[in-house]
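Every value quoted in this text rests on a predicted model; they were computed, and no experiment measured them.
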Amino acid sequence: MKRMFGVVNFPFFIARRYLFSKKSTHAINVISGISVVGVAIATMALIVTLSVFNGFHDLVATFFTSFDPQLKVVPTEGKTVAADDPILTQIRQLPQVEVATESVEDMALAIYRDRQAMVVIKGVDDNFDQLTHINEILVGDGDFSLHAADMDYGTLGIRLAETLGTGYTYEEPIHIYAPKREGQLDMTNPDDAFEEDELYSPGVLFNVKQSRYDKNYILTSISFARRIFGQQGMLSSLELRLKPGSHFDETKEQIKQLCGDKFTVKDRFEQQDDTFKIMKIEKLIAYIFLTFILMVACFNIIGSLSMLIIDKKDDVVTLRNLGASDKQIIHIFLFEGRMISAIGAILGIVTGLALCWIQQRYGIVGLGSSSGTFVINAYPVSVHPEDIILVFCTVLIVGFLSVWYPVRYFAKRLLV
């Protein structure tokens with residue numbers, strides 16, 4: 001008999017019998033069921049909430065890929081660096097690089113008729129449309145163009161066009177003002193402290209569907225940007241597109257080694273690091289908040305186990321007389337709590353995944369009352385396997401910690 005009780009699975013075997021057997025008091029079964037349901041609902045909420053945050057993360061990432069390059073090389077110190085820097089020349093000549101575009105970017109004042117706005121002028125090479133998917137996010141009747149002869153074009157973000165009141169095609173040129181890099185300000189003639197130039201309409205606007213770009217940016221030729229900012233022969237960044245089939249991570253690491261401490265290499269997510277950091281923090285806060293709700297749900301398990309311990313006090317005496325150790329008896333009730341947590345976790349995960357699939361396929365929960373109000377009509381959902389593992393482990397850990405002390409306390413009192 002003692003040999004039988006020495007089997008490692010003995011506490012688990014008894015706990016399983018207790019979980020599914022009918023108790024002398026019907027309330028114990030009800031409370032156990034409520035415990036499972038509570039854990040399942042909290043688990044389902046974790047799965048669904050984290051998947052919605054993933055959906056928004058992936059959605060925002062698709063917007064950025066239409067405007068941002070695959071890789072961006074920027075100087076570690078200062079705003080600009082010489083365009084003919086030997087390191088940048090080596091990067092351009094890498095066999096994995098298909099398109100390399102020089103860019104000069106800085107703040108300026110844009111004035112159109114009686115309206116004005118602070119804008120970001122981004123000057124790029126003529127191959128910018130090969131570098132990014134800019135043509136996929138254009139609206140209007142014209143074509144993406146940076147210059148023609150001695151005339152420079154400016155492609156505005158759609159919300160900036162609303163601010164300046166230009167429409168898709170502005171009839172008059174936009175006046176751009178930028179402070180001169182050299183010389184002193186003469187208060188008797190303040191206009192002399194600014195470089196002034198004009199941009200003309202190509203007949204299109206871009207719509208990234210992100211206010212950071214749509215509300216602030218003007219795309220133009222790099223020659224215009226260098227002229228207005230006094231940055232001849234300089235660049236703010238070297239933007240790269242890799243050849244199809246190139247190993248992205250290996251190429252990025254190779255470019256980093258070439259750059260050393262002089263340049264910083266950023267992928268698309270690192271270029272929008274502030275945006276994605278905020279989303280990660282929001283996701284973390286939601287995870288912590290729902291974990292606290294899960295802890296509250298796990299307190300139901302304590303009540304269920306307390307009643308079970310009292311209900312099975314005669315069985316405990318019998319087991320001790322048959323040779324079961326106090327440690328094994330305590331483990332029986334600990335296993336009981338773990339099994340309730342595990343069953344609740346599995347049910348919650350399955351239910352959460354089912355709800356996510358329904359939302360992905362049918363878009364049951366909408367974002368607005370009218371179609372077209374938002375970029376998408378329903379909450380985006382994206383299930384990541386690592387989140388499922390995280391939630392399952394969280395439920396098991398929280399469930400174990402919530403019952404560990406109460407079970408040991410009640411069981412020891414019963415054994416005494």
Side-chain angles (χ1 to χ4, degrees), residues 30 32-67 133 136-137 139 158-159 207-214 268-269 272 275-301 340-396 398-399:
V30 174
S32 297
I34 293 174
S35 302
V36 172
V37 172
V39 173
I41 292 175
T43 304
M44 177 195 68
L46 275 167
I47 290 290
V48 172
T49 303
L50 296 183
S51 297
V52 170
F53 275 104
N54 294 335
F56 279 112
H57 180 281
D58 296 347
L59 179 67
V60 171
T62 61
F63 294 152
F64 288 145
T65 57
S66 298
F67 195 91
H133 300 276
E136 298 177 5
I137 56 174
V139 291
I158 192 167
R159 292 183 62 183
N207 185 16
V208 183
K209 299 178 181 177
Q210 288 293 315
S211 61
R212 170 175 179 166
Y213 294 129
D214 295 341
R268 286 189 175 117
F269 289 96
Q272 310 301 333
T275 300
F276 288 109
K277 270 186 178 179
I278 292 173
M279 297 183 72
K280 288 179 181 178
I281 291 172
E282 290 175 340
K283 181 179 177 181
L284 176 62
I285 292 173
Y287 166 75
I288 294 173
F289 178 75
L290 290 172
T291 301
F292 277 114
I293 296 177
L294 174 65
M295 291 174 64
V296 174
C298 286
F299 283 129
N300 288 326
I301 303 176
I340 292 175
S341 300
I343 293 173
I346 294 171
L347 291 177
I349 289 173
V350 172
T351 307
L353 292 177
L355 290 176
C356 290
W357 179 82
I358 293 172
Q359 179 66 14
Q360 283 179 325
R361 189 170 182 85
Y362 302 105
I364 302 297
V365 183
L367 281 169
S369 57
S370 59
S371 178
T373 304
F374 298 93
V375 176
I376 53 175
N377 295 325
Y379 278 95
V381 174
S382 177
V383 179
H384 292 183
E386 59 269 22
D387 286 337
I388 298 175
I389 297 173
L390 173 65
V391 170
F392 185 72
C393 293
T394 299
V395 175
L396 293 185
V398 171

**Item:** Short side-chain to backbone donor-acceptor contact, Asp214 and Val208, under 3.5 Å
**Value:**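 Confirmed, Asp214 side chain pairs with Val208 backbone.
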- Message: Donor-acceptor check, side chain of Gln359 to backbone of Pro380, threshold 3.5 angstrom: yes or no?
- Response: no
Which heavy-atom pair separates [X] from [Y] by the least distance, and what is that distance?
X	Y	value
Ala40	Leu347	CB-CB, 4.1 Å
Ile340	Ser35	CG2-CB, 3.9 Å
Gln360	Val381	NE2-O, 3.0 Å
Gly399	Ser341	CA-OG, 3.3 Å
Cys298	Val39	SG-CG2, 4.2 Å

Going by the salt bridge (charged side-chain N to carboxylate O under 4.0 Å, His left out) test, which pairs reach into residues 40-61, not counting sequence neighbours?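 Matches after skipping sequence neighbours: none remain.
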So the salt bridge (charged side-chain N to carboxylate O under 4.0 Å, His left out) pairs with at least one residue in residues 38-49 (sequence neighbours excluded) are none
The salt bridge (Lys or Arg N to Asp or Glu O under 4.0 Å) partners of Asp387 (sequence neighbours excluded) come to Lys283
Hey, does [Y] have a side-chain heavy atom less than 4.5 Å from the side chain of [X]?
X	Y	value
Ile346	Phe392	yes
Arg268	Phe276	no
Ile41	Val37	yes

Enter the distance from [X]:[atom1] to [Y]:[atom2] here, rounded to the nearest 0.5 Å.
X	Y	atom1	atom2	result
Leu290	Leu294	CG	CG	9.0 Å
Thr291	Leu390	OG1	CG	7.5 Å
Glu136	Asn207	CD	CG	13.0 Å
Thr43	Ile343	OG1	CD1	12.0 Å

With sequence neighbours left out, write down each residue that passes side-chain hydrogen bond (donor to acceptor under 3.5 Å, both in side chains) with Thr394, or none if nothing qualifies.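 Testing Thr394 for side-chain hydrogen bond (donor to acceptor under 3.5 Å, both in side chains), a comparison that skips the adjacent residues, returns Tyr287.
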### Query
What residues, two or more places apart in sequence or in another chain, satisfy side-chain hydrogen bond (donor to acceptor under 3.5 Å, both in side chains) together with Glu282?
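Scan of Glu282 (side-chain hydrogen bond (donor to acceptor under 3.5 Å, both in side chains), adjacent residues dropped) gives none.
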*asked:* For His384 and Phe53, I'd like to know if the aromatic rings sit close, meaning centre-to-centre distance below 6.0 Å.
replied: no
Sequence neighbours excluded, the answer for ring-ring contact (aromatic ring centres under 6.0 Å, His included) partners of Phe289 is none
**OP:** Might you work through the side-chain contact (heavy atoms from CB on, under 4.5 Å) test for Ser211 and Arg159, ending with a clear yes or no?
**Re:** CA-CA 7 Å; Ser211 61; Arg159 292 183 62 183; 3.1 Å; yes
Does the pair Ile388 and Leu353 meet the rule for a side-chain contact (heavy atoms from CB on, under 4.5 Å), with working shown?
CA-CA 9 Å; Ile388 298 175; Leu353 292 177; 3.7 Å; yes
